[in-house]
Amino acid sequence: MSTIRVYNTLSKTKEEFQPVVPGKVGIYLCGPTVYAESHMGHMVGPVIFDTVKRYLSFNGYDVNFVVNITDVDDKLIKKSVERGISMEEVAKENIADYLHNLSHLGVDQISEMPKATEHMGNIIAFIESLVEKGFAYESEGDVYFEVGKDNEYGKLTNRSVESSQGEGGQMSARKRATNDFALWKIAKEGEPSWKSPWSEGRPGWHIECSAMSKAILGETFDIHGGGLDLTFPHHENEIAQSECCHGSPMAKYWMHNGLLRADNTAGKLGGKSDRENESETAEEAASGKMSRSKGAGGLAELIERQGGENIRFFLLRTHYRSTILFSEPAIEEAATGLETFHRLFERYERITGESFFDIVPNALRTDGDIDAGDDELLVAVKKHRDAYLEKMDDDFNTGGGVSELFELVRVVNKSIDANKLEENKDADLTALKQAIATIRELSAILGIFTNAPESAAGQDSQLVDQLMQLVIDIRANARANKDFATSDLIRDRLGELSITLEDRKGETGWRIE
RNA sequence: GGCGCCGUGGCCAAGUGGCUAAGGCAGCGGAUUGCAAAUCCGCCAUCGUGAGUUCGAAUCUCACCGGCGCCUCCA
C-alpha cells in the first residue's frame, strides 16, 4: 500500500496517513445548519471529502464517511417563527435542497447523515459525562463547558484560554467565564425542547458533533473535516468536549478546506462582509439568496445553468486548501477544458463502437497497474498515471492530478492520429482501450465523467438527428460538386445556431455548443 | 491588538531546496483541411520587492509592499 500524506491542521504539517484501525477509515465532516437554502460554499467540503473517500477507497481502505446535519439551532427557531411553520418543516425543506444539490455535484459517497434531533439521547449523555467529570457546570437550566478546566484548550488554533474571548464580550450572567460555551440551553416559552436532567431545552452548537461522531465513529476516529472557518470556535470546542470526556484524541487528522470567495465582492460567500451590505437582509446574505440579489440566482439554478459536473471539476481543479474565487465565467472556463475530454470520448466511441461511460472503473489502485512493454502509448499512459497517483498521494493534490489527465488526453489523441485509428478499421485497439480505461479509472476518483452527458438536443434528439443528417447530406452533395459557397453557407448558418460541423474522413460530425 | 494564510506567464493554477518552472483558458506560428472545426507540433513566466542563508532557492530566514481569513453565527 502506498503512502498517502495528509496535511493536519493540528500539527500544521503533512503527516503520513495511518488509520487508527488498519484498513479502516472514519471521516466526520461538519455539514450544514439547515435554516436556509444551501449556497455554493456548502458544497466545497462535501465535494472534497467525497473525493478523499474515493481516493482512500481506491487505495484499499474501507471508509465510513459521516456528514452531520444541524437541525436544531437558534436560526432554525427564528426561521420557523417568521414563517409560521415548525422547525422540522424548515429543516426538512432545506435538507431536501441540500441533498438535491449534492447529488447534482456527484457527491454520492456519504455513508451516513446523522441529525442532531435524532441523537438527543447521546447528546444528553455526553453532557452528563462532562458534568460528572467536572468539565461542565449547570447554571439556571443551562449547562456550560468550563474552558478554564481544559489545559489543552486552544491547541488546534494556537490560542491561549485568555485570548479566546467567547461570545463577543456579551457575557451571560449564567456563565463563569466569557469563553465558557453552552452545551445545553434552557428553552424559552414556545421553543422546541427536549427533556434533560437540567431543563427542557436544546443542545448548544458544538456538542452534537462530539456526541454523534462518538456514537458512529468512536472516541478516536481518523479524519475530521470542515471549512477553514470552523476551526474556531467550533472545532476547538469539539476537541475540548471530546478529549476532556474521553481522555483520548478526538481525531487523528484535522483537514480543513479553503473557503470560497465571491468574485468582485468583499468577503466570502454568505459571510459577514456580505451581511454588512445594507441592501440585503441577513437571512438573504446567509442563505444564498444573497447571490440571487447580485444576479447569480440560487444554487439549484446555478447548477442547472452551469452543470454539476462542470462545477465539481471547477472546484477540484484547485487544491482543497486554497481559497477559490468563485464566479460563473470561471466555471465556464473550466468547462471549456472539459469539452476536450468529451470530444475524445466521442472519438473513442467512433473507433471502437464502445462507450467510455460503459467502462467500469478499476475499484483498486493495484487493478490498474500497466504493463507497458515497449508500446509507446502505454509507456506514456503509465508515466502519467504514476504521476497522477503521486500527486494524489501528496495531500490529495487534485489540481496536479487534473493536469495529468489532460496529458493523458493528449497522448491518446496523438496516438490515434499517428496510427490513423479512425481510418484503419483493422488496427489493433488493445493499447487504446487500456489508455481510455486508465482515463476512466483516474477521472472516477475525482467523481467526474461518471455518467454520459445528456444529449444537447434534449428530448427532440431523434428528430434533430434526422434533420441534421438531412442538412449534412445536402451539404455533402454541394461539396462533392465543389459548390463551396453553398456548403460554407450551411456551415455558417448552423454556426449561428451554435452548431459546429466537423468534416472528418468520409463523414461529417456535428455538435451543439 | 492576537493567531494564521496567500502573492508563479494576459487570466486560472501545480510545484515549496537541485533534471529544460506541470496543466488549463486565451493568443500567435505550423501540420492537417477546398476553407473551417477537431486533433497534433511549436512559441509565450525566473516565480510581489529588497537583503540574507546555501555549492545551489519560486521553494529556507528577515524586512517591506499588496491581498485575505479567523478571533462573533458561518462549509
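Just so you know, these numbers use all the heavy atoms, side chains as well, and skip hydrogens, waters and symmetry mates. Below, chain A is the first sequence line, B the second, and so on; all start at residue 1.
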Give the nucleotide from the list [options] with an atom nearest to the side chain of [X].
{"X": "A/P233", "options": "B/C73, B/A22, B/C35", "answer": "B/C73"}
{"X": "A/F406", "options": "B/G24, B/A14, B/C40", "answer": "B/G24"}
{"X": "A/D503", "options": "B/C41, B/C35, B/A38", "answer": "B/C35"}
{"X": "A/N158", "options": "B/A14, B/C25, B/C3", "answer": "B/C3"}

- Message: Could you check whether atom CD of A/E332 has more than 12 heavy atoms from other residues, nucleotides or ligands sitting under 6.0 Å from it?
- Response: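 Result for CD/A/E332: enclosed.
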
- Task: Run through A/L378, A/I416, A/V381 and flag the one making a side-chain contact (heavy atoms from CB on, under 4.5 Å) with A/L432.
- Result: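 Filter result, single survivor: A/I416.
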
Tell me the partner of [N], counting only Watson-Crick (N1-N3 plus N6-O4 or O6-N4) or G-U wobble (N1-O2 and O6-N3) with both under 3.5 Å; none if nothing fits.
{"N": "B/U46", "result": "none"}
{"N": "B/C19", "result": "none"}
{"N": "B/U39", "result": "B/A31"}
{"N": "B/A51", "result": "B/U61"}
{"N": "B/C70", "result": "B/G2"}

Quick one: label [X] by what it contacts on the DNA or RNA (base, sugar-phosphate, nothing), any heavy atom closer than 4.0 Å.
{"X": "A/H256", "result": "nothing"}
{"X": "A/G226", "result": "sugar-phosphate"}
{"X": "A/G225", "result": "nothing"}
{"X": "A/T340", "result": "sugar-phosphate"}
{"X": "A/R321", "result": "nothing"}
{"X": "A/R511", "result": "sugar-phosphate"}
{"X": "A/D73", "result": "nothing"}
{"X": "A/L501", "result": "base"}
{"X": "A/N413", "result": "sugar-phosphate"}
{"X": "A/R491", "result": "base"}
{"X": "A/R475", "result": "base"}
{"X": "A/T318", "result": "sugar-phosphate"}

- Task: Write down the distance separating the P atoms in B/U49 and B/G7, rounded off to the nearest Å.
- Result: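 After rounding to an integer number of Å, I get 13 Å for this pair.
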
- Query: Looking only at heavy atoms, which two atoms of A/C209 and A/N68 are closest? And how far apart?
  - Reply: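 Closest approach of A/C209 to A/N68, heavy atoms only: SG-ND2, 3.9 Å.
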
- For A/T231 and B/C3, is the shortest distance between a side-chain N/O and OP1 or OP2 below 4.0 Å?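 The answer is no; no side-chain N or O of A/T231 sits under 4.0 Å from OP1 or OP2.
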
- Examine B/C25: is either OP1 or OP2 under 4.0 Å from a nitrogen or oxygen in the side chain of A/R317? Give yes or no.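 For A/R317, the contact criterion (side-chain N or O under 4.0 Å from OP1 or OP2 of B/C25) is not met.
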
- Does the side-chain ring of A/F484 lie flat on the base of B/G34, meaning centres under 5.5 Å and planes less than 30 degrees apart?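 Ring-base stacking flag set for A/F484 and B/G34.
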
- Query: Do A/D74 and B/C73 have a side chain to base donor-acceptor pair shorter than 3.5 Å?
  - Reply: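 Between B/C73 and A/D74, which were checked side chain against base, a qualifying N/O pair under 3.5 Å is absent.
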
- Message: If you go through the side-chain atoms of A/D488, does one of them form a donor-acceptor pair with the base of B/G34 closer than 3.5 Å?
- Response: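 Indeed there is one.
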
- Query: Do A/F145 and A/F181 have ring centres separated by under 6.0 Å?
  - Reply: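 Aromatic pair counts; centres sit under 6.0 Å.
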
- Quick one: A/I448 CD1 to B/G24 C1', roughly how many Å, whole number?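 About 13 Å, once rounded to whole Å.
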
- Taking A/H224 as the fixed residue, which of A/F65, A/Y28, A/Y253 is the one that meets the ring-ring contact (aromatic ring centres under 6.0 Å, His included) rule?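 Of the listed residues A/F65, A/Y28, A/Y253, the ring-ring contact (aromatic ring centres under 6.0 Å, His included) partner of A/H224 is A/Y28.
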
